Participant: 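This structure is in structure tokens; I'll ask about it shortly.
All figures in this text were calculated on a predicted structure; none of them were measured in a lab.
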Amino acid sequence: VQAQADTQTQALAQAQGVAQSTAQVEAQSDQQPDCDEFADAGREVCEAAIGESLMSFVRAGGALRRVRTRMLFEDESPTFQQYCLEKWSISKAHAHRLMDGAAIYKCIRDAMGPGCVPVNEYQVRPLERIRNESGDLDRERIVDIWQCALTKSRDGNGGYLTSSVVQEAVNESLGIE
């Protein structure tokens, strides 16, 4: 009975922590620009804002990696998972997707230049499976698969590089039909 009460107390404390984090995010959103910010903006300003927003996964992933590897979360939370949930209301899995996405972006940019980079985290998700024997991202294979996906998108998808096109290239590389 005591163990059940302790579990319920922990669950309640976690729920309250999530509610506090949600309130923090909502309070921060009051400081964020609203949709009317672009009411009088020209196309260039709007496109710059769109580009910055789409690329935010790279910055978020890099920052999360730094917090995790340097254990900068320890003064707020005992684990990285708890930190992600309480501070940002994201799962550990999503944090890892962002971190892997940033690493994949950097790998592709370094190998192919800024004109060939992914524009959102969803595009690179299929590439997160491409790992070497030690479990690290296999950077050379990732670049090869990305190049294949770029070619596929130019040849048969109207120039649009979607996650589906990347997944198809990953499946071909892994020998999956």
Participant: I need the minimum non-hydrogen distance between Leu137 and Asn132, along with the two atoms involved.
Facilitator: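 Looking at all heavy atoms of both residues, the shortest contact is O-ND2, 4.1 Å.
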Participant: Just checking Asp75: does its CG atom have more than 12 heavy atoms from other residues, nucleotides or ligands closer to it than 6.0 angstrom?
Facilitator: yes
Participant: Check the surroundings of atom CD in Glu140: do more than 12 heavy atoms from other residues, nucleotides or ligands lie under 6.0 Å from it?
Facilitator: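 Counting neighbours around CD of Glu140, 12 or fewer heavy atoms of other residues, nucleotides or ligands fall under 6.0 Å, so no.
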Participant: From Met99 CE over to Arg66 CZ, what is the distance, rounded to the nearest 0.5 angstrom?
Facilitator: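 With rounding to 0.5 Å, CE (Met99) is 14.0 Å from CZ (Arg66).
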Participant: Taking C-beta and beyond as the side chain, do Glu74 and Val67 meet within less than 4.5 Å on heavy atoms?
Facilitator: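 A side-chain contact is absent here, since even the closest heavy-atom pair is not under 4.5 Å.
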Participant: Measuring from atom CG of Asn171 to atom CD of Glu168, what distance do you get when rounded to the nearest 0.5 angstrom?
Facilitator: 8.0 Å
Participant: Take the angle between the ring planes of His96 and Phe80 and call it parallel below 30°, perpendicular above 60°, tilted in between.
Facilitator: perpendicular
Participant: Is there a donor-acceptor contact under 3.5 Å from the side chain of Trp146 to the main chain of Leu127?
Facilitator: no
Participant: I need the minimum non-hydrogen distance between Ala149 and Leu161, along with the two atoms involved.
Facilitator: O-CD1, 3.5 Å
Participant: Can you name the nearest heavy-atom pair linking Leu150 to Ser153, along with the distance?
Facilitator: O-OG, 2.8 Å
Participant: Report yes if the side chains of Gln147 and Ile108 come closer than 4.5 Å at any heavy-atom pair, otherwise no.
Facilitator: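 Of all side-chain heavy-atom pairs linking Ile108 with Gln147, none is under 4.5 Å.
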Participant: Going only through I, L, V, M, F, W and Y residues with side-chain contacts under 4.5 Å, is there a path from Tyr122 to Tyr160?
Facilitator: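 Different clusters.
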Participant: Using a 4.5 Å cut-off on heavy atoms from C-beta on, say whether the side chain of Arg139 contacts that of Cys107.
Facilitator: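 The answer is yes; the side chains approach within 4.5 Å.
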Participant: Is there a chain of hydrophobic side chains (I, L, V, M, F, W, Y, each step under 4.5 Å between heavy atoms) that links Met112 to Val165?
Facilitator: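 Per the 4.5 Å side-chain linkage, Met112 and Val165 are co-clustered.
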Participant: Return yes if a side-chain donor-acceptor contact under 3.5 Å exists between Ser163 and Arg125, otherwise no.
Facilitator: no
Participant: Check whether any side-chain heavy atom of Leu98 sits under 4.5 Å from a side-chain heavy atom of Val58, and report yes or no.
Facilitator: no
Participant: Is there a continuous path of hydrophobic side-chain contacts, each under 4.5 Å between heavy atoms, that joins Leu174 to Val143?
Facilitator: yes
Participant: Before accepting this row, confirm whether a basic side-chain N of the pair Arg97/Glu128 lies closer than 4.0 Å to the acidic partner's carboxylate O.
Facilitator: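 A salt bridge is absent here (no side-chain N lies under 4.0 Å from a carboxylate O).
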Participant: Identify the heavy atoms of Gly62 and Ala102 that sit nearest to each other, and give their distance.
Facilitator: N-CB, 3.8 Å
Participant: May I ask you to decide if Glu52's main-chain N or O and Ser56's side chain share a donor-acceptor pair within less than 3.5 Å?
Facilitator: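 Between the backbone of Glu52 and the side chain of Ser56 there is no qualifying donor-acceptor contact (under 3.5 Å).
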Participant: Report yes if some heavy atom in the side chain of Lys152 is under 4.5 Å from a heavy atom in the side chain of Glu172; otherwise report no.
Facilitator: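 Lys152 reaches Glu172 side chain to side chain.
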Participant: Indicate, with yes or no, if Leu72 and Tyr83 share a hydrophobic cluster defined by side-chain heavy-atom contacts under 4.5 Å among Ile, Leu, Val, Met, Phe, Trp and Tyr.
Facilitator: yes
Participant: Determine whether a donor-acceptor pair (N or O, by modelled atom type, separation under 3.5 Å) exists between the side chain of Arg109 and the backbone of Val117.
Facilitator: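 Such a contact is absent between Arg109 side chain and Val117 backbone.
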Participant: Is the backbone of Phe73 close enough, under 3.5 Å, to the side chain of Ser77 for a donor and an acceptor to pair up by distance?
Facilitator: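 Answer holds: no.
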Participant: Output yes when a side-chain donor or acceptor of Ser173 lies under 3.5 Å from a complementary backbone atom of Ala169, and no otherwise.
Facilitator: no
Participant: Side chains of Arg131 and Asp138: does their closest heavy-atom pair fall under 4.5 Å?
Facilitator: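 Arg131 does not reach Asp138 side chain to side chain.
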Participant: Quick one: closest heavy-atom pair of Gln123 and Pro126, and the distance?
Facilitator: O-CD, 3.5 Å
Participant: Could you tell me the separation between the CG atom of Leu64 and the CZ atom of Phe57, rounded to the nearest 0.5 Å?
Facilitator: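 That separation rounds to 13.0 Å.
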Participant: With heavy-atom distances below 4.5 Å as the criterion, would you say the side chains of Glu121 and Tyr105 are in contact?
Facilitator: no
Participant: Please tell me if the side chains of Ile145 and Ile130 come closer than 4.5 Å, counting only heavy atoms from C-beta onward.
Facilitator: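 Heavy-atom side-chain distance check passes, below 4.5 Å.
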